[in-house]
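Single-structure report; data block below.
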2 protein chains.
Amino acid sequence: MLDTNAQTYTRADEAFDCLQTAIVKGELAPGDKIGELDLCSRFELTRGPLREALGRLESRGLLVRRPHAGVKVVSLSAAELVELYRIREVMEGLAARQAAERMTDQEIADLQATLDGHETMIEEAHGQAYYQAEGDYDFHHRITTGSRNTKLAQMLLGDLYYMVRMYRYRLSTSAGRPHRALGEHRRIVEAIAQRDGELAEFLMKRHINAARENIEKKIKEGVLTI
Amino acid sequence: MLDTNAQTYTRADEAFDCLQTAIVKGELAPGDKIGELDLCSRFELTRGPLREALGRLESRGLLVRRPHAGVKVVSLSAAELVELYRIREVMEGLAARQAAERMTDQEIADLQATLDGHETMIEEAHGQAYYQAEGDYDFHHRITTGSRNTKLAQMLLGDLYYMVRMYRYRLSTSAGRPHRALGEHRRIVEAIAQRDGELAEFLMKRHINAARENIEKKIKEGVLTI
DNA sequence: AAATCAGTAATTGTTGACAATATTGGGTTG
DNA sequence: CAACCCAATATTGTCAACAATTACTGATTT
């Protein structure tokens with residue numbers, strides 16, 4: 001019997017998801033030392049599956065492990081956080097270019113509708129950085145998926161975005177520039193709709209560059225300490 | 001006592017290394033179904049650490065797991081392999097740019113010496129694709145490290161390169177163009193030595209593009225079946 | 001004869017106990 | 001008084017037995 005995708009959730013998968021969301025949501029803050037049996041009692045599971053999940057998370061760079069010494073949530077320096085945006089710049093630029101070549105008309109229409117939703121969201125949620133950040137994430141997520149580049153999506157969605165989101169709660173990336181960010185999003189989608197991959201790539205790179213400069217400015221001003 | 005880095009190798013680390021090299025060297029070929037206790041007896045370890053290693057490798061995309069059904073080595077389609085090179089293009093372009101900004105003079109001198117070594121290696125190893133591929137790997141490895149971008153190095157060295165090397169044994173990437181590749185390498189290093197990041201990025205992107213086109217041509221000719 | 005269903009066997013997932021190691025606290029010494 | 005060394009403790013790493021699920025084999029039915 002060919003079981004297409006049974007989706008039998010194993011305890012290790014469960015542990016992995018729990019830990020990942022806990023880290024992203026900030027329940028486990030960067031630098032926290034976490035004991036294995038603490039986690040076991042917290043998530044109601046045993047050490048076997050937990051350790052497997054820890055291995056996965058370590059491999060993805062969300063955790064740091066030292067043998068016999070324990071596990072702690074990774075803690076990025078300001079410089080490393082900035083480097084993350086340099087990587088995003090080139091990778092998401094590629095994603096935008098390939099999305100322009102490969103997204104279906106339907107997907108593009110949906111994306112435009114999403115941006116309308118974000119507009120009202122920004123109006124209503126004055127200064128509530130959380131919702132703005134989630135909208136931003138939604139936008140980038142769709143384009144990455146639209147690139148139809150499996151490995152690229154895996155690296156962005158499975159690695160980089162989690163790290164970025166982990167710090168987004170503290171920095172509120174696009175705070176102070178939500179309208180500007182939305183405008184940039186619209187122009188990127190326009191380029192994609194016109195199937196202009198080169199332009200989409202250029203605009204996406206500039207968009208992420210702006211976010212990076214915004215962060216660097218705040219770091220310099222001492223507004224956010226990492 | 002501050003134990004800088006005790007480097008205590010755990011069995012799981014051992015299992016991870018063994019499996020990774022086995023996959024890269026082709027001892028475990030793409031698509032192979034591998035049983036857990038087969039691996040245990042093969043590498044002289046028990047299932048606990050093995051499963052942790054399997055988790056890590058799955059997370060890095062070298063293995064595919066289906067609950068209760070077993071583990072198999074990931075098998076890329078021709079299209080996916082090409083996509084890998086599109087990712088390498090932008091990421092290694094960034095690496096080259098940052099390397100031009102950050103490598104020490106000593107590192108650059110070493111890199112140039114390495115290329116001299118590759119030249120004689122190519123002369124001596126007529127058509128022995130293996131050594132050419134290793135030389136190529138060495139070059140890219142040094143530049144990636146020279147970028148001083150931790151996460152970038154982690155993603156390239158820890159993920160992409162292993163996948164590329166896994167297929168390199170079959171395709172011998174630069175076969176038929178070793179001298180041309182070496183010339184491209186030299187020009188990239190020149191740009192780095194002149195601290196011209198923009199040029200280094202451009203040349204690196206073009207270099208990887210050439211490798212991609214070479215592969216696409218071979219695939220079209222049916223020379224290599226994936 | 002082909003396809004479906006059930007039962008068996010083998011493999012994976014999970015658990016709890018055991019062994020090894022790093023950290024922490026106290027005591028001692030310079 | 002500070003620094004260092006040593007031992008106790010708690011945590012991590014490892015192991016082997018148990019449970020659950022899937023895949024396979026063979027028989028039965030249409």
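What you are looking at is a predicted structure, and each value in this text was computed from that prediction instead of being measured.
With rounding to whole Å, A:R51 atom CZ is found 7 Å from D:dT14 atom P. For the pair B:R66 CZ and C:dG13 P, the computed distance is 12 Å after rounding to whole Å. Atom CZ in A:R11 sits about 20 Å away from atom P in D:dC18, given to the nearest Å. Taking atom NZ of A:K72 as the reference point, atom P of D:dT11 lies 18 Å away to the nearest angstrom. Atom P of nucleotide D:dT21 and atom OH of A:Y9 are separated by 17 Å, given to the nearest angstrom. If you take CG of B:L45 and C1' of D:dG13, they are 13 Å apart, rounded to a whole angstrom. Rounding to whole angstrom units, CD of residue B:E58 and P of C:dT12 are separated by 14 Å. Here C:dT12 presents its P atom at 13 Å from CG of B:L63, a figure rounded to the nearest Å.
Neither OP1 nor OP2 of C:dT12 sits under 4.0 Å from any side-chain N or O of A:T10.
The listed nucleotides are D:dA20, C:dA20, D:dT14; the one nearest the side chain of A:H68 is C:dA20. When distances are taken from the side chain of B:P49 to each of D:dC15, D:dG13, D:dA23, the shortest belongs to D:dC15.
DNA chain C is contacted by both A:T46 and A:A69; A:T46 maps to the nucleotide lying nearer its 5′ end (nearest heavy atom per residue).
For DNA chain C, none of the residues of residues 33-44 of chain A falls under the heavy-atom distance limit of 4.0 Å.
Salt bridge present: B:D105 and B:R195 bring a charged side-chain N and a carboxylate O closer than 4.0 Å. With salt bridges taken as basic N to acidic carboxylate O contacts below 4.0 Å, one links B:D13 and B:R56. Ion pairing between B:R102 and A:E83 holds under the 4.0 Å rule for side-chain N and carboxylate O. One finds a salt bridge joining B:R51 and B:E36 here, because a Lys/Arg side-chain nitrogen approaches an Asp/Glu carboxylate oxygen to under 4.0 Å. Ion pairing between a basic and an acidic side chain is recognised when a charged N comes within 4.0 Å of a carboxylate O; B:E201 and A:R86 show no such pairing. Between B:E216 and B:R212 there is a salt bridge, with a side-chain nitrogen of the basic residue lying less than 4.0 Å from a carboxylate oxygen of the acidic one.
Note on ring orientation: taking the six-membered ring where Trp is involved, the planes of B:F139 and B:H207 are perpendicular (angle over 60°, cut-offs 30° and 60°).
A donor N or O paired with an acceptor N or O is found under 3.5 Å between the base of C:dG13 and the side-chain atoms of B:R47.
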